[in-house]
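Just below is one structure, and these are the notes that go with it.
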Amino acid sequence: MEIDIAIIGGGAAGIGAARHLAGQGRKVMLIEAAARLGGRGWTLDLAGLKLDMGCAWLHSASRNVWTRLAEAAGVEIYRRPSAWRRQYRDLGFTPAEQDAASEAFDAWSQRLLDNPPADDVAAGALEAGGAWNDYIRTIVGFISGGRLEEMSAADYAAYEEASTDENWRMPGGYGALISSHFPAGVDLKLSTPVQEISLTAAGVALTTPGGTIRARAAILTCSTAMLADERIRLPAGAAAWREAAAQLPLGHDEKVIFELLEPEAFEPRSHLLGDPRDVKAMSYGIRPMGLPTIEAYLGNDSAEIITREGPVAAYAAAMDGLAKLLGADVRKQLRPLITTDWTRTTHIGGSYSYARPGQRSARAALARPFENRLFFAGEATHATDFSTAHGAYESGVRAATEVLGVMAQVG
């Protein structure tokens, strides 16, 4: 099979590239390893509930491309402020403690900008012996999925400086919005993992279990875990791109979702944080958007419970955390629905990327075209909006623009 442009990966980046290439007079095909579109954007319809298993928030919403696409499609957007920094009834976290913890986090963030650590290790900006250092570690685990000791201070600061406090949700699901925007006029192959990419005289050859697909150029949007672990073999000479991917590992962020048997007993749109001094603390969204659910969010240390011990242990740990705050009777109100396990999800391998210390430049290195035939996109290639679906989309548009530019030169 021969085409003009192959897009490898059907997440937000791949769909962004496909939308930009549609109608350009080129034969384009998107090839996705999974049986569905969306990548790390996945809305699961379970028991009549629309559950976002991956990305769920329109971060930096007023400048988020998905906000504009949702509005144009008439998709409902839930624009209320999040309750992340408000502890429901101050349970286990007094107002004074909340203020002190928030001030400590903001001071740490500001030090990253004003006086960044010389070794670029984000933990270096922590206050020596600070009472809220583990709280900061926990929150960063939710945001980036990594440990401060293994994270670039400059990279984290770039994201924080570019982001806004506008975080909105969609009752119909973020993943559903992403997958619904695959464009007409682009061919689609699902359940088709690309195993190897090689260069040919005319372009590239993609080896799949169903045969070889030949294209003049390819846009590769898969996760950095897929690249670093050689789950897709790259052409000879592309070692620098694989090394760049290895410097942008995926973090560990997971979800444990419960159904509330008597939801009216719980205040909608409220939030709880577990022990604020425990790096294994979970964040609980209670009845988000009024749904009869509790979403437990697990970051880094707590997320590893799922990877190491499995979903049963994660349910138990999440329920224990809630019982400490709400009392033992809460156990009778909770019915386990589902957990994620992005780290062990085939063809993904984690949540979203962070840069290792001293490796912020790996994002630009990974984004470079290879031999003007293989182009790279995905959230990890965005300079500031990495770890987001809108950053991924923009990276796909950028890569598609590069492909068209090269093709215009060679005819």
Side-chain angles (χ1 to χ4, degrees), residues 1-11 13-14 17-18 21 26-34 39 187 189 191-250 346-350 353 355-356 358-383 386 392 395-396 398-411:
M1 180 181 297
E2 296 188 2
I3 56 177
D4 290 318
I5 305 167
I7 303 169
I8 305 167
L21 293 171
R26 305 287 180 178
K27 184 172 177 57
V28 182
M29 175 184 290
L30 188 146
I31 307 159
E32 166 58 45
D187 291 336
K189 272 188 173 293
S191 303
T192 306
V194 173
Q195 300 161 318
E196 183 175 5
I197 304 171
S198 56
L199 300 185
T200 67
V204 296
L206 314 178
T207 303
T208 78
T212 299
I213 299 170
R214 299 181 184 279
R216 293 178 60 191
I219 299 174
L220 183 54
T221 76
C222 68
S223 74
T224 54
M226 291 286 292
L227 291 175
D229 293 348
E230 298 191 62
R231 299 181 209 181
I232 296 179
R233 296 186 295 277
L234 297 182
W241 281 258
R242 192 177 302 286
E243 175 58 26
Q247 300 305 325
L248 302 167
L250 297 189
T346 306
H347 311 303
I348 295 180
S353 68
R356 299 187 191 278
Q359 297 297 327
R360 170 159 169 71
S361 62
R363 299 196 184 279
L366 181 59
R368 294 173 299 146
F370 175 71
E371 299 289 340
N372 277 341
R373 282 179 278 179
L374 182 57
F375 299 78
F376 292 82
E379 54 87 11
T381 68
H382 200 289
F386 46 87
S395 77
R398 184 259 309 152
T401 302
E402 291 170 349
V403 173
L404 291 174
V406 169
M407 288 189 169
Q409 292 175 5
V410 300

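Worth knowing before you read on, the calculation uses all heavy atoms, side chains too, and leaves out hydrogens, waters and symmetry mates.
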TODO: Answer yes or no: is there a side-chain heavy-atom contact under 4.5 Å between Leu199 and Val204?
DONE: yes
- [ ] Give the intermediate values and the outcome of side chain to side chain contact (heavy atoms under 4.5 Å, CB included) for residues Val194 and Leu220.
- [x] CA-CA 10 Å; Val194 173; Leu220 183 54; over 6 Å; no
Task: Pairwise distance CG(Leu206) to NZ(Lys189) - rounded to 0.5 angstrom - done: 11.5 Å
Open item on the list: How close do Ala365 and Ala244 get, counting heavy atoms only, and between which atoms?
Closed with: CB-CB, 4.1 Å
- [ ] Could you tell me which residues satisfy side chain to side chain contact (heavy atoms under 4.5 Å, CB included) with Ala33, sequence neighbours excluded, listed by chain and number?
- [x] Pro193, His347
Task: Spacing of CZ belonging to Arg242 relative to CG belonging to Leu366, to within rounding of 0.5 Å - done: 11.0 Å
- [ ] Measure across Ala217 and Val403 and return the closest heavy-atom pair with its distance rounded to 0.1 Å.
- [x] CB-CG1, 4.2 Å
Open item on the list: The criterion is side chain to side chain donor-acceptor pair (under 3.5 Å); which residues satisfy it with Arg360, sequence neighbours excluded?
Closed with: Asp155
Open item on the list: For a 4.5 angstrom cut-off between non-hydrogen side-chain atoms, does Pro369 reach Val406?
Closed with: no
Task: Any residue meeting side chain to side chain donor-acceptor pair (under 3.5 Å) with Asp187, in chain and number order, not counting sequence neighbours - done: Lys27
TODO: With rounding to the nearest 0.5 Å, note down the distance linking CD1 in Ile232 to CD in Gln195.
DONE: 9.5 Å
Open item on the list: So, taking the atom named CZ in Arg26 and the one named CG in Leu21, what distance separates them when rounded to the nearest 0.5 Å?
Closed with: 9.5 Å
Open item on the list: Using 0.5 Å steps for rounding, measure from the CG atom of Leu248 to the OG atom of Ser223.
Closed with: 11.5 Å
Open item on the list: Check the orientation of Trp241 and Phe370. Use parallel for under 30°, tilted for 30 to 60°, and perpendicular for over 60°.
Closed with: perpendicular
TODO: State, with a plain yes or no, whether a side-chain heavy atom of Asn372 is found less than 4.5 Å away from one of Gln409.
DONE: no
Task: Contacts of Ala18 that satisfy side chain to side chain contact (heavy atoms under 4.5 Å, CB included) - sequence neighbours left out - done: Ile7, Leu30, Phe182, Pro183, Val186
Open item on the list: Which heavy atom of Arg363 sits nearest to which heavy atom of Ala355, and what is that distance?
Closed with: NH2-N, 3.7 Å
Open item on the list: So, using ring-ring contact (aromatic ring centres under 6.0 Å, His included) as the criterion, who are the partners of Phe375 when residues are at least two apart?
Closed with: none
TODO: Test Ile8 against every option in Ile219, Ile197, Thr221 by the side-chain contact (heavy atoms from CB on, under 4.5 Å) rule and name the one that passes.
DONE: Ile197
Task: Distance in Å, Ile348 CD1 paired with Leu250 CG, rounded so as to fall on 0.5 Å steps - done: 9.0 Å
Task: All side chain to side chain donor-acceptor pair (under 3.5 Å) counterparts of Glu32, not counting sequence neighbours - done: none
- [ ] Compare every heavy atom of Asp4 with every heavy atom of Met407, then report the nearest pair and how far apart it is.
- [x] CE-O, 3.5 Å
Task: Qualifying salt bridge (charged side-chain N to carboxylate O under 4.0 Å, His left out) pairs with a residue from residues 366-381, counting only residues at least two apart or across chains - done: Arg40-Glu379
TODO: With sequence neighbours excluded, tell me which residues meet side chain to side chain contact (heavy atoms under 4.5 Å, CB included) with Thr200.
DONE: Ala202, Ala205, Arg214
Task: Heavy-atom closest contact (Ala13 atom, Ser395 atom, distance) - done: CB-OG, 3.8 Å
- [ ] Identify, with sequence neighbours excluded, every residue that meets side chain to side chain donor-acceptor pair (under 3.5 Å) alongside Ser361.
- [x] none
Open item on the list: Closer than 3.5 angstrom, by distance alone: can the side chain of Thr207 be matched with the main-chain N or O of Thr212 as a donor-acceptor pair?
Closed with: no
TODO: Enumerate the residue pairs fulfilling salt bridge (charged side-chain N to carboxylate O under 4.0 Å, His left out) with a member in residues 222-239, sequence neighbours excluded, ordered by first and then second residue.
DONE: Glu196-Arg233, Asp229-Arg231
Open item on the list: On a heavy-atom basis, which atom in Thr224 and which in Ala245 lie closest, and how many Å separate them?
Closed with: CB-O, 3.6 Å
